[in-house]
2 protein chains.
Amino acid sequence: MVTLADVARHAGVSSSTVSYVLSGKRSISTPTRQRIEKAITDLGYHPNAGARALAGKRSHIIALVVPLHTEVYVPTMMEIAISVTVTARQYGYDVLLITNDEGPEGVRRVAASGLADGVILMDVRLDDDRLPALRAQGTPAALIGIPDDPSGLACVDHDFAAAGALCVDHLADLGHRDLAFVGYPPRVYQRHAGYAERTLNGFRRRAEQRGLRVLHRPCEGTYESTAGTLARILADRPGTTGFVVQNEGAVGPLLSLLRTTGRTVPEDASVVAICPDQLAEQYAPRLTAVTGPRKELGQVAVEQVLARIDAAAAGGAAPDDALLLLAPDLVVRESTAPAPRRVTTTEEPST
Amino acid sequence: MVTLADVARHAGVSSSTVSYVLSGKRSISTPTRQRIEKAITDLGYHPNAGARALAGKRSHIIALVVPLHTEVYVPTMMEIAISVTVTARQYGYDVLLITNDEGPEGVRRVAASGLADGVILMDVRLDDDRLPALRAQGTPAALIGIPDDPSGLACVDHDFAAAGALCVDHLADLGHRDLAFVGYPPRVYQRHAGYAERTLNGFRRRAEQRGLRVLHRPCEGTYESTAGTLARILADRPGTTGFVVQNEGAVGPLLSLLRTTGRTVPEDASVVAICPDQLAEQYAPRLTAVTGPRKELGQVAVEQVLARIDAAAAGGAAPDDALLLLAPDLVVRESTAPAPRRVTTTEEPST
DNA sequence: TTGTAGGCGTTATCAT
DNA sequence: ATGATAACGCCTACAA
């Protein structure tokens with residue numbers, strides 16, 4: 001193995017000089033720098049990570065904690081993980097993969113051992129049991145998702161309220177007056193899952209502002225439950241022409257059912273999904289959808305941890321907590337169109 | 001930070017004794033061990049990873065190199081990555097995530113710096129440019145996939161030949177006599193992608209053994225190309241009743257097209273897919289499918305690297321290369337049934 | 001069964 | 001602008 005000392009000898013300088021050309025923390029005369037750089041490539045020197053971590057008190061590693069048995073859409077998770085890794089590399093950091101089966105002990109372990117300088121948590125739940133460990137140890141961290149109590153922590157997430165509002169705006173602009181929101185199963189709302197509630201609030205608020213009538217219906221996401229949900233919606237508000245779906249399981253059934261019940265999408269009914277683009281493309285018709293920027297999520301998370309790592313190393317001044325909500329985008333595809341002219345807005349006064 | 005020395009002091013022993021109870025490389029009297037263990041938990045001691053790596057010449061980290069822009073089915077990749085991570089932990093190792101955009105330099109970097117003790121490569125191509133780097137440095141490694149020249153390397157993969165044979169057996173057992181294999185696009189075979197060729201060979205060989213007639217048709221996987229492929233198959237061999245599909249894109253179209261052309265699955269035609277179970281479940285009818293064990297892939301890969309890491313640490317005796325093919329499973333679902341009685345095996349001698 | 005001490009390769013603080 | 005040199009925390013012969 002080639003060491004710093006080898007390089008120094010080869011270049012005829014002291015090892016500290018070599019160290020300084022590597023770290024750039026000292027100005028070096030051009031000639032010696034060049035000699036050293038040549039020696040480095042000649043010998044094929046690679047700094048030893050362990051020694052660097054030990055002496056420098058930084059491992060240049062951040063831990064990424066990923067959910068194990070995930071209800072999340074896996075490709076999205078993967079995309080974030082990759083974006084985290086690539087971004088980290090740009091800052092000279094590597095990423096350690098931690099699976100959530102280690103629980104709170106996992107973050108404790110990597111932080112306490114100095115294996116990782118900081119931690120990024122994916123799939124953060126409202127009452128996340130890993131947060132106490134983080135707070136107790138003062139571990140630099142960034143959360144992807146927002147817990148009950150985000151105080152003192154950096155949180156990054158999609159702006160779900162904006163997503164809900166975006167759906168309303170699009171449908172309102174197309175002239176729809178009665179909207180239905182097909183959501184997650186009731187239990188998701190009962191446990192006050194952050195993203196679900198925030199989406200719904202954004203949706204309702206904007207609908208009110210724009211004077212639309214809305215219906216919210218939780219849905220299990222099976223074919224049968226979706227059928228029931230749709231039937232109730234149409235019974236309660238026969239004039240409903242705009243559908244917003246935030247429930248991956250319900251999308252397919254909903255499209256079939258609309259067709260089955262004689263409603264053509266998008267001529268008779270418009271559907272906006274809140275889901276990854278990749279998924280939206282899979283249906284026929286392809287869905288107009290609202291999506292959050294996944295790569296950026298990873299990038300911002302990395303930048304947040306790194307900022308906190310630097311702060312901890314510098315002063316130890318507790319950095320402000322941050323709550324970063326990333327604006328979603330709406331992509332128009334084939335499932336939305338202007339609202340049909342109203343033929344029967346209310347029941348016909350027959351006879 | 002609590003150090004080994006702190007623990008030693010607290011327990012009234014020397015630091016080497018503490019070190020030895022941790023590593024278990026020396027027998028310690030029960031009383032002192034207990035005193036030390038108590039001190040460890042009392043003080044909340046966690047061994048410093050950097051120091052351990054430096055002194056012990058092992059980082060206890062393995063690098064997992066994942067494809068960046070993947071054509072692979074992402075959930076499968078994720079499942080393997082998770083299984084690698086979990087398995088590694090069981091052996092006291094952590095996993096570093098390396099994205100393939102670093103190219104060969106990535107594996108060089110982590111190995112040369114001692115950041116990782118070994119490497120697992122996913123998505124190995126036939127002529128993989130990362131292999132020279134591995135061989136040159138003698139880095140302990142395991143490949144998931146099989147390259148052109150696997151000599152000196154540990155390779156783990158699905159037994160695709162067995163998968164192909166399994167499909168034949170299942171359809172033959174059901175009485176099908178004429179099979180068609182709907183494969184990947186021509187370019188995949190032209191570049192001699194290992195998995196594609198091996199599947200096809202296994203398929204053909206077994207079909208020959210069992211006296212079945214087979215057709216192989218590459219397919220782009222779009223709706224149009226699948227239509228063309230099916231048309232040609234039925235023109236060439238109207239009596240074809242068994243379909244084997246190894247092309248994720250073609251499955252959906254094929255099912256639609258069979259239906260469209262008046263063939264009910266499975267009554268008139270049977271379809272076996274070679275794909276992840278998760279995918280097979282998504283279609284209607286749910287597909288009989290052949291799948292390889294993904295978790296085991298990750299486990300075996302980890303065990304292979306670890307074995308090589310130990311070997312390298314011990315003697316440096318170049319360990320035998322290994323070629324481990326994991327047996328696939330066939331799960332019967334709704335897309336296969338006994339072959340229909342043959343009504344028109346050949347063209348009618350009309351007039 | 002336990003202790004002593006040198007060394008692992010870098011960083012960073014003093015000097016010069 | 002460059003050199004010595006003491007940490008950093010742990011491992012492991014070598015002693016006792």
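The figures here come from the full heavy-atom set of this structure, side chains too, leaving out hydrogens, waters and symmetry mates. None of the values given here were measured: they were computed from a predicted structure. Chain identifiers are assigned alphabetically (A, B, ...) following the order of the sequence lines, protein sequences preceding nucleic acid strands; residue numbering begins at 1 within each chain.
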Which residues in residues 54-63 of chain B have at least one heavy atom lying under 4.0 Å from any atom of DNA chain C?
B/Leu54, B/Ala55, B/Lys57

Please list, by residue number, the residues of residues 1-9 of chain A whose heavy atoms come closer than 4.0 Å to an atom of DNA chain C; answer none if no residue qualifies.
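Those residues whose heavy atoms fall under 4.0 Å from DNA chain C, taken from residues 1-9 of chain A in numerical order, are A/Met1, A/Thr3, A/Leu4.
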
Examine distances only and state if a side-chain atom of [X] and a backbone atom of [Y] form a donor-acceptor pair shorter than 3.5 Å.
| X | Y | value |
| --- | --- | --- |
| B/Thr17 | B/Val13 | no |
| B/Thr139 | B/Ala141 | no |
| A/Asp310 | A/Ala307 | no |
| B/Ser59 | B/Ile61 | yes |

Looking at every strand, decide which applies to B/Leu22 at a 4.0 Å heavy-atom threshold: base, sugar-phosphate, or nothing.
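Answer is nothing: B/Leu22 stays at 4.0 Å or more from every strand.
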
Counting the atoms with a prime plus P, OP1 and OP2 as sugar-phosphate, which does A/Thr32 contact under 4.0 Å by heavy atoms, base, sugar-phosphate, or nothing?
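Sugar-phosphate only.
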
Take A/Ser19 and B/Val13, find for each the nucleotide of DNA chain C with the closest heavy atom, and name the residue whose nucleotide sits nearer the 5' end.
B/Val13

On DNA chain C, check which nucleotide each of A/Lys25 and B/Gly12 is closest to and give me the residue with the more 5' one.
B/Gly12

Do [X] and [Y] make a side-chain contact, defined as non-hydrogen atoms from C-beta onward lying under 4.5 Å apart?
| X | Y | value |
| --- | --- | --- |
| B/Tyr91 | B/His60 | no |
| A/Leu324 | A/Asp157 | no |
| A/Leu96 | B/Leu97 | no |

Between A/Leu153 and A/Leu131, does a side chain to side chain contact (heavy atoms under 4.5 Å, CB included) hold up when you go through it step by step?
CA-CA 9 Å; A/Leu153 295 168; A/Leu131 303 189; 4.1 Å; yes

Using five base pairs at each end to define the local axes, how bent is the helix from C/dT1-D/dA16 to C/dT16-D/dA1, to the nearest 10°?
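End-to-end axis angle for the helix from C/dT1-D/dA16 to C/dT16-D/dA1: 30°, rounded to 10°.
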
Going by atom types alone, do B/Ser19 and B/Ser16 pair a side-chain donor with an acceptor below 3.5 Å?
no

Judged by modelled atom types alone, do A/Arg58 and A/Tyr93 share a side-chain donor-acceptor pair under 3.5 Å?
yes

Residues in salt bridge (charged side-chain N to carboxylate O under 4.0 Å, His left out) with [X], at least two apart?
| X | value |
| --- | --- |
| B/Arg89 | A/Glu102, B/Asp94 |
| B/Glu79 | B/Arg294 |
| B/Asp117 | none |
| B/Asp159 | none |

Taking 4.0 Å as the cut-off, does a side-chain nitrogen or oxygen of B/Thr17 come that near to OP1 or OP2 on C/dT2?
no

Donor-acceptor pair under 3.5 Å: do we get one between B/Ser16's side chain and the base of C/dT4?
yes

Pairs under 3.5 angstrom only: tabulate donor-acceptor contacts from the side chains of residues 46-55 of chain A to other protein residues two or more places apart or in another chain.
{"residue": "A/Asn48", "atom": "OD1", "partner": "A/Gly50", "partner atom": "N", "Å": "2.9"}
{"residue": "A/Asn48", "atom": "OD1", "partner": "A/Ala51", "partner atom": "N", "Å": "2.8"}

Residues of residues 105-118 of chain B with a heavy atom under 4.0 Å from any atom of DNA chain D, listed by number, are none

Of all the heavy-atom pairs spanning B/Ser151 and B/Asp149, show the shortest one and how long it is.
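In terms of heavy atoms, the two residues are closest at OG-OD1, 2.7 Å.
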
Please find the pair of heavy atoms, one from B/Ser15 and one from B/Leu4, that lie closest to each other, and give the distance.
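That would be O-CD2, 3.7 Å.
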
Determine which pairs satisfy ring pair (Phe, Tyr, Trp, His ring centres under 6.0 Å) with at least one residue from residues 108-146 of chain B, sequence neighbours left out, and list them in order.
none

Measure all distances between protein nitrogen or oxygen atoms and nitrogen or oxygen atoms of nucleotides 14-16 of chain C, and list the pairs falling under 3.5 Å.
{"residue": "C/dC14", "atom": "N4", "partner": "A/Arg26", "partner atom": "NH2", "Å": "3.4"}

Under 4.0 Å from any heavy atom of chain A: name the first and the last nucleotide of DNA chain D that qualifies, 5' to 3'.
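The contact span of chain A on DNA chain D goes from D/dA1 to D/dG9.
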
Measure the distance from CG on A/Asn48 to C1' on C/dG9 and round it to the nearest whole Å.
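These atoms are roughly 6 Å apart.
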
